[in-house]
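Labels below follow one simple rule: chain letters A, B, ... track the order of the sequence lines, proteins then strands, and each chain is numbered from 1. Everything numeric in this text was worked out from a predicted model, so none of it was measured. Side chains included, hydrogens not; waters and symmetry mates left out as well; all remaining heavy atoms used.
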There are 2 protein chains.
Amino acid sequence: MLKSIEDYLKNIYELQEHFERVTTNQLAEKMGITPASATGMIKKLAAMNLVKYRPYQGVELTDAGRLMALEVIRHHRLIELFLAKALGVPWDRVHDEAEKWEHVLSEDIEERIDRFLGSPRWDPHGAPIPDKAGNIEQRPRVRLCDITHPQAVRVLEVSDHDPELLRYLGKLNIYPQTDLTILSIEPFDKSMTVRHQQSTHTLSALVTSYIWVLPEEHMKKGQANAV
Amino acid sequence: MLKSIEDYLKNIYELQEHFERVTTNQLAEKMGITPASATGMIKKLAAMNLVKYRPYQGVELTDAGRLMALEVIRHHRLIELFLAKALGVPWDRVHDEAEKWEHVLSEDIEERIDRFLGSPRWDPHGAPIPDKAGNIEQRPRVRLCDITHPQAVRVLEVSDHDPELLRYLGKLNIYPQTDLTILSIEPFDKSMTVRHQQSTHTLSALVTSYIWVLPEEHMKKGQANAV
DNA sequence: ACTTATTTTTAGGGCAACCTAAAAATTAAA
DNA sequence: TTTAATTTTTAGGTTGCCCTAAAAATAAGT
């Protein structure tokens with residue numbers, strides 16, 4: 001399996017998490033290539049039965065394609081956690097490194113890393129790590145910016161694509177598993193004031209849109225999500 | 001720096017360790033490509049001032065080329081040791097993995113691995129790890145097959161290119177730093193009978209040609225080479 | 001519904017790194 | 001030293017993945 005094919009499948013998978021149909025333009029923009037290039041590769045993937053392609057209508061992964069995408073994502077997330085745990089790489093740098101390593105990981109080393117980490121369920125940003133069979137855990141979660149009333153929440157996951165965001169959250173000590181109390185929500189700009197341990201911070205709507213939390217109705221049931 | 005350029009430089013370096021002149025054919029054979037392909041890339045490397053090239057006469061690395069080669073080798077050997085120490089990968093498998101990883105290692109991670117391992121001087125096969133400046137330790141050493149009289153020797157290094165050899169030596173518990181006593185050398189086929197701890201083994205000349213040891217005259221001076 | 005704007009695809013190239021086959025240079029042998 | 005064998009290079013081609021520019025299909029605006 002070639003590197004670029006792995007990359008296309010992974011990116012299509014990630015877009016499918018957010019959008020009904022994945023269009024050529026979306027994919028091209030996400031991958032930093034031209035739409036023409038995306039079209040070409042999509043046709044190749046379709047010929048390999050990794051995606052279903054209807055010209056002008058977008059792509060979607062086949063079962064085989066999704067399985068491959070999930071394997072790449074498994075590699076990516078295991079490597080992220082491995083770099084963090086074994087080498088102390090800060091969480092804002094693990095993503096870019098994993099982008100490169102994910103394509104050179106053998107089955108044997110994958111298994112050893114998995115064992116070393118104790119078959120972890122989440123990566124350093126709280127994203128679920130698919131198992132070897134391609135099962136990926138779906139947790140009930142809402143974006144922090146979509147919460148409308150003051151309440152206690154637990155951070156489940158944060159976006160990993162912008163290192164600056166991660167450094168900011170790191171400074172505030174906000175990580176997956178962190179408990180926050182939403183004190184108030186400003187109607188004007190939806191900025192949110194939260195308490196965390198001893199300190200209080202005000203988070204912009206941009207920041208809260210990149211944070212997913214456990215919804216209130218699930219907070220009681222001891223869904224502690226210990227790693 | 002591109003993967004294939006790194007590979008060419010590394011292979012030229014390795015050939016230069018054994019031969020005066022590195023020829024197109026040697027390089028092509030070592031890399032599993034055709035001589036025509038090697039010629040093409042050599043010209044490219046020469047244009048980049050990484051090798052000195054005289055048509056029909058072979059190549060040699062420039063200072064810049066040697067420095068790059070040594071950086072790749074540093075990556076390779078640090079990764080081999082890291083895989084062995086951190087993940088318990090057996091020494092007959094670390095080479096092939098490192099071949100892939102060496103091309104995706106960032107400076108930051110290189111430093112972290114180096115720190116994790118305590119700035120090690122040798123890889124799992126006993127080969128010296130160049131420092132960041134490109135200095136590589138030269139130890140006095142002889143091939144075991146070149147020793148002509150019974151004596152005590154210490155294994156310094158073994159060839160890492162054949163996993164089968166490494167598994168064989170592993171079964172015999174022969175590793176770098178292992179002390180052996182040469183009991184006898186058979187004149188007919190140069191096979192060697194050695195004692196190691198409680199057991200005695202007879203090694204063929206093929207095997208002994210892949211093992212480097214500390215020459216007798218250096219054995220006293222406590223050159224223990226602790227890792 | 002028809003024109004305009006946008007999205008997507010096709011057509012035609014470029015570049016890196018490989019290949020085969022033929023030509024040229026070097027080395028070895030008679 | 002002339003021929004034969006070997007090594008090395010050149011010439012031309014393939015594949016993978018990217019590009020730009022132009023054409024075609026779809027979607028939007030009046």
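- If you take CZ of B/Arg54 and P of D/dT7, they are 19 Å apart, rounded to a whole angstrom.
- The listed nucleotides are C/dC19, D/dC18, D/dT7; the one nearest the side chain of B/Asn25 is D/dT7.
- In this structure, A/Tyr13 and A/Ala69 approach most closely via the heavy-atom pair CB-CB, 3.8 Å.
- Here the options are A/Arg77, A/Lys3, A/His76, A/His75, the test is side chain to side chain donor-acceptor pair (under 3.5 Å), and the partner is A/Glu102; only A/His76 passes.
- The separation between B/Met48 atom CE and C/dC15 atom C1' is 14 Å, rounded to whole Å.
- Computed from coordinates, the A/Ile5 CD1 to D/dC17 P distance equals 6 Å when rounded to whole Å.
- At a threshold of 4.0 Å, the pair A/Arg121-A/Glu137 counts as salt-bridged, since one of the basic side-chain nitrogens sits closer than that to a carboxylate oxygen.
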Dump every N/O contact between nucleotides 10-14 of chain C and the protein below 3.5 Å, one line per pair.
residue, atom, partner, partner atom, Å
C/dT10, OP2, A/Lys43, NZ, 2.5

Quick test: give all pairs of protein nitrogen or oxygen and nucleotides 24-29 of chain C nitrogen or oxygen below 3.5 Å, distance rounded to 0.1 Å.
residue, atom, partner, partner atom, Å
C/dA25, O4', B/Tyr56, OH, 3.3

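- The side-chain contact (heavy atoms from CB on, under 4.5 Å) check on A/Ala205 picks up A/Lys190, A/Thr208, with sequence neighbours excluded.
- Between A/His125 and A/Trp91, the angle of the ring planes stays under 30°, which puts this pair in the parallel group of the 30/60° scheme.
- Within the structure, a side-chain polar atom (N or O) of B/Tyr8 is placed less than 4.0 Å from OP1 or OP2 of C/dC18.
- Here C/dT9 presents its P atom at 13 Å from CD of A/Gln26, a figure rounded to the nearest Å.
- OP1 or OP2 of D/dC17 sits under 4.0 Å from a side-chain N or O of A/Ser4.
- Nearest-nucleotide mapping onto DNA chain D: of A/Ile33 and B/Thr23, the residue sitting toward the 5' end is B/Thr23.
- Residues B/Glu110 and B/Leu78 have side chains in contact (heavy-atom distance under 4.5 Å, counting atoms from C-beta outward).
- Remark: C1' of D/dC18 and NZ of A/Lys3 are 13 Å apart, rounded to the nearest angstrom.
- The distance between atom CE of B/Met31 and atom C1' of C/dA17, rounded to the nearest whole Å, is 11 Å.
- Between the side chains of B/Asn25 and B/Thr23, not a single donor N or O lies within less than 3.5 Å of an accepting N or O.
- Between the CD atom of A/Glu29 and the C1' atom of C/dT7 there is a distance of 13 Å, rounded to whole Å.
- Atoms CG and CD1, on B/Asp131 and B/Ile136 in that order, are 9.5 Å from each other to the nearest 0.5 Å.
- Close to D/dT20, at under 4.0 Å from its OP1 or OP2, lies no side-chain N or O of A/Thr34.
- Proximity note for A/Ser37 (side chain, C-beta onward) versus C/dA17, C/dC18, D/dC19: the nearest is D/dC19.
- One atom, CG of B/Leu27, and another, P of C/dA17, lie 14 Å apart when rounded to the nearest Å.
- In this model, a donor atom of one side chain and an acceptor atom of the other lie less than 3.5 Å apart for A/Ser119 and A/Asp114.
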